[in-house]
Every structure is written in structure tokens, then in C-alpha cells.
There are 2 protein chains.
Amino acid sequence: MTESDFTSILSRHGIRPTQQRIAVYKYLVSNPSHPSADTIYRALSEQYPVFSRTTIYNSLNTLVEAGLVRTVNICPEEQRFDATIDDHGHFICEKCNGIFDFDLNPEVLDKLCPEGFKFRQGDVFFSGTCPDCSR
Amino acid sequence: MTESDFTSILSRHGIRPTQQRIAVYKYLVSNPSHPSADTIYRALSEQYPVFSRTTIYNSLNTLVEAGLVRTVNICPEEQRFDATIDDHGHFICEKCNGIFDFDLNPEVLDKLCPEGFKFRQGDVFFSGTCPDCSR
DNA sequence: ATAATTTTTTGTAATCAATACAATTATTTA
DNA sequence: TAAATAATTGTATTGATTACAAAAAATTAT
Ligand SMILES: [Mn+2]
Ligand SMILES: [Mn+2]
Ligand SMILES: [Zn+2]
Ligand SMILES: [Zn+2]
């Protein structure tokens, strides 16, 4: 993915492709580790020391509203962000703190949702031990 | 459930049945609406104006550690608490903000969890519209 | 092009849930 | 009954996030 690909994706989603938004979105696409706003800020600060923390928050909120990014509420202390927006589950390892994606059939989600309720988003979170940390 | 029932439940779980802890646990059992710490504090303040906010937090943490209460991370802004500890899913209605429980087969959870991962806890969250708010 | 308007960014201040801490009070043990 | 331990309380602090207003950048009108 080239810089101009990101530019056109942002444009197509109705938001102005500013340098800051492109950098945040590019970081999320390149780092599918579900980083926090602060992790993104510290990482981008190296390349773009002028970016402000507030702008990272603003950009993330704008990207979420545009539907390009979604939040992952697996850690109560801080929001995590994810550029993979299609339905999938998340597993957080209590030993290495890694957050792992796993496939989730949309039909399975449908089956889990109780009768009469109309869901817009479904999330499946597991916490436990990942294969590596299980030895 | 009488007062002394709560007392013995707390004792059996290895925590001292203080007036404050009993009141918090009793409130959670009687109000399965997944209240926040602050909601519990404001509600109990009427009957026990001397209880401090810190003690509500302390009691909740103690009850969670004892395995009598679990946290529900469905709202990123604040933790919610639940005295129903067996596996079940949660649906939050974006219109009325109600949080609804629904049954969740433990075997279904097992099937959702990816190969090689060992989960300690599984959570299923939906957000959308509840039957009442769907008209 | 230039001026006026709108949008975005920036830095700082404010918010707010949750925790840390130390003093007080209550309970248990010696 | 005294000493030790545990729990509660009020206040201070933390830390993520938002609010706000000024500055900068980009867009639109003249
Ligand atoms: Mn993900
Ligand atoms: Mn519940
Ligand atoms: Zn791990
Ligand atoms: Zn509703």
C-alpha cells in the first residue's frame, strides 16, 4: 500500500486526507497489534515530532466515525484501536498481554444474538493464555 | 435471601462479611442491571449515608477477587458490575442504554475459542437495539 | 491572486473514573 | 485488657480522554 492509496481511502470515506490522519491510519494498518492512542502517539512522534497527542485522539475519533477504524474495549484501562473492521474475535493473553485476532463467522454471531434483539456490532473477547505462553 | 444468607456467602468465600460488603453484594444481587460503582454508591448513600465512595470501590474489588462478582467491560467509560457470575452474554441497547443478559452455552464458547488458546474467561457483547426500542 | 471562511492542528486546562495513601475505627488474637 | 490485624474513611493523585481557544492550513468567494 502506497501513500496515495491511504489518501484515496480516506477521501472515499469522506474525510480530508491530512498528513496526520494518513499517518495514524497507516500505522494501524501496518501494526495490527491493537495499539492504544498513546502507543500510536509515541511511535509517530519519532517520525513526526510535531504531531500532538490531541491530534492523535482527534484523528482516531475521525477515523472511527468514518468507519475505517474500530475500537476494541478488551482492556478496561484504555481503548485499543483496530484497522481490521470486519467481524472477528479477540483473545488477550494474560501473560504476554498480546491481543490476537481470530475468525468469527457472521452466522455464528447471528446465532448467539438473542431473539428480538437487533445488533449493530458483536464482540467476542477471550482472556487466558496464548499458545506461546502455554509453552 | 435474608441478611444472614449474604453474611454466610461472604464468609464461605473467605472475606469478612462487613456491613459495607454485604450491602454492596445485596445491592448487586437485587439489582441485576449491571450498575456502575458510582450508581451503587449513590443508591447506598441513601440508606447508609456514612459509606464512603472508596469503600464501595474497595468492596467491589474484594467481591471480584473472591469470585462473587464479575466486571462487565461493555462501556468503555466505566466498569459495570454483575453478581451473576456464570457464563452469559450481554447486550447493550444504544437507545435506552439497558444492558440485557442472555444465555450462552459453555460449549459454544469453547467452539468459538481458537485452537491452542486456553481461555479463563469469555465474553460476548452485542450492541444494537433491544426489542422494546425496536417498537 | 487576495481576502474571507472553514477546517484542522496544537498546547494547555479540565474532566472523571479509579487508585494510593495515611489516619481513624473496628475486629480479631494474644 | 492490650496488642496486632483488617477495614473504612477522606483526601490527594493518577491517567486516559475531552474541552477549549488560539494558531495554522486549506478551501471558497470576490
Ligand atoms: Mn482485531
Ligand atoms: Mn450480566
Ligand atoms: Zn502470551
Ligand atoms: Zn432499548
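Below, all heavy atoms of this structure are taken into account, side chains as well, without hydrogens, waters or symmetry copies. Keep in mind that this is a model prediction, so the values were computed, not measured. Order of the sequence lines sets the chain letters (A, B, ...), proteins ahead of strands, with each chain counted from 1.
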- Rounded distance (Å) that lies between atom P of D:dA25 and atom CD1 of A:Ile15: 20 Å

- Query: Given A:Phe102, which of A:Phe126, A:Phe125, A:Phe91 fulfils the ring pair (Phe, Tyr, Trp, His ring centres under 6.0 Å) condition?
  - Reply: A:Phe126

- Message: Walk me through whether A:Tyr41 and A:Leu60 qualify under side-chain contact (heavy atoms from CB on, under 4.5 Å).
- Response: CA-CA 11 Å; A:Tyr41 170 68; A:Leu60 285 167; over 6 Å; no

- Task: In whole angstrom, give the distance that lies between atom CG of A:Leu10 and atom C1' of C:dT8.
- Result: 14 Å

- Message: Using a heavy-atom cut-off of 4.0 Å across all strands, would you classify B:Arg16 as base, sugar-phosphate, or nothing?
- Response: sugar-phosphate

- Whole angstrom is fine here: how far is it from CG in B:Leu44 over to P in D:dT9? 11 Å

- Separation of B:Phe51 atom CZ from C:dA26 atom P, in whole Å? 13 Å

- Task: Would you please confirm or rule out a distance under 4.0 Å between OP1 or OP2 of D:dT8 and any side-chain N or O of B:Thr55?
- Result: no

- Query: Taking the nucleotide of DNA chain C with the closest heavy atom to each, which residue, B:Glu77 or B:Asn58, is nearer the 5' end?
  - Reply: B:Glu77

- Message: Is A:Arg21 close enough to C:dT8 that one of its side-chain N or O atoms is under 4.0 Å from OP1 or OP2 there?
- Response: yes

- Examine D:dT9: is either OP1 or OP2 under 4.0 Å from a nitrogen or oxygen in the side chain of B:Gln20? Give yes or no. yes

- Query: Rounding to a whole Å, what distance do you find between B:Phe81:CZ and C:dA18:P?
  - Reply: 6 Å

- Task: Look at the side chain of A:Thr54 against the base of C:dT12 and say whether a donor-acceptor pair falls under 3.5 Å; ignore hydrogens and angles.
- Result: yes

- With a cut-off of 6.0 Å (strictly less than), are more than 12 heavy atoms of other residues, nucleotides or ligands near CG of B:Asp5? yes

- Query: Can you find a side chain N or O atom of A:Thr18 that sits less than 4.0 Å from OP1 or OP2 on C:dT9?
  - Reply: yes

- Query: Counting any heavy atom closer than 4.0 Å, what does A:Asp38 reach on the DNA or RNA strands: base, sugar-phosphate only, or nothing?
  - Reply: nothing

- Is the A:His34 ring parallel, tilted or perpendicular to the A:His88 ring (thresholds 30°, 60°)? tilted

- Under 4.0 Å between a side-chain N or O of A:Tyr57 and OP1 or OP2 of D:dT17? yes

- Please state how far atom CD1 in A:Ile56 lies from atom P in C:dT10, giving the value in whole angstrom units. 8 Å

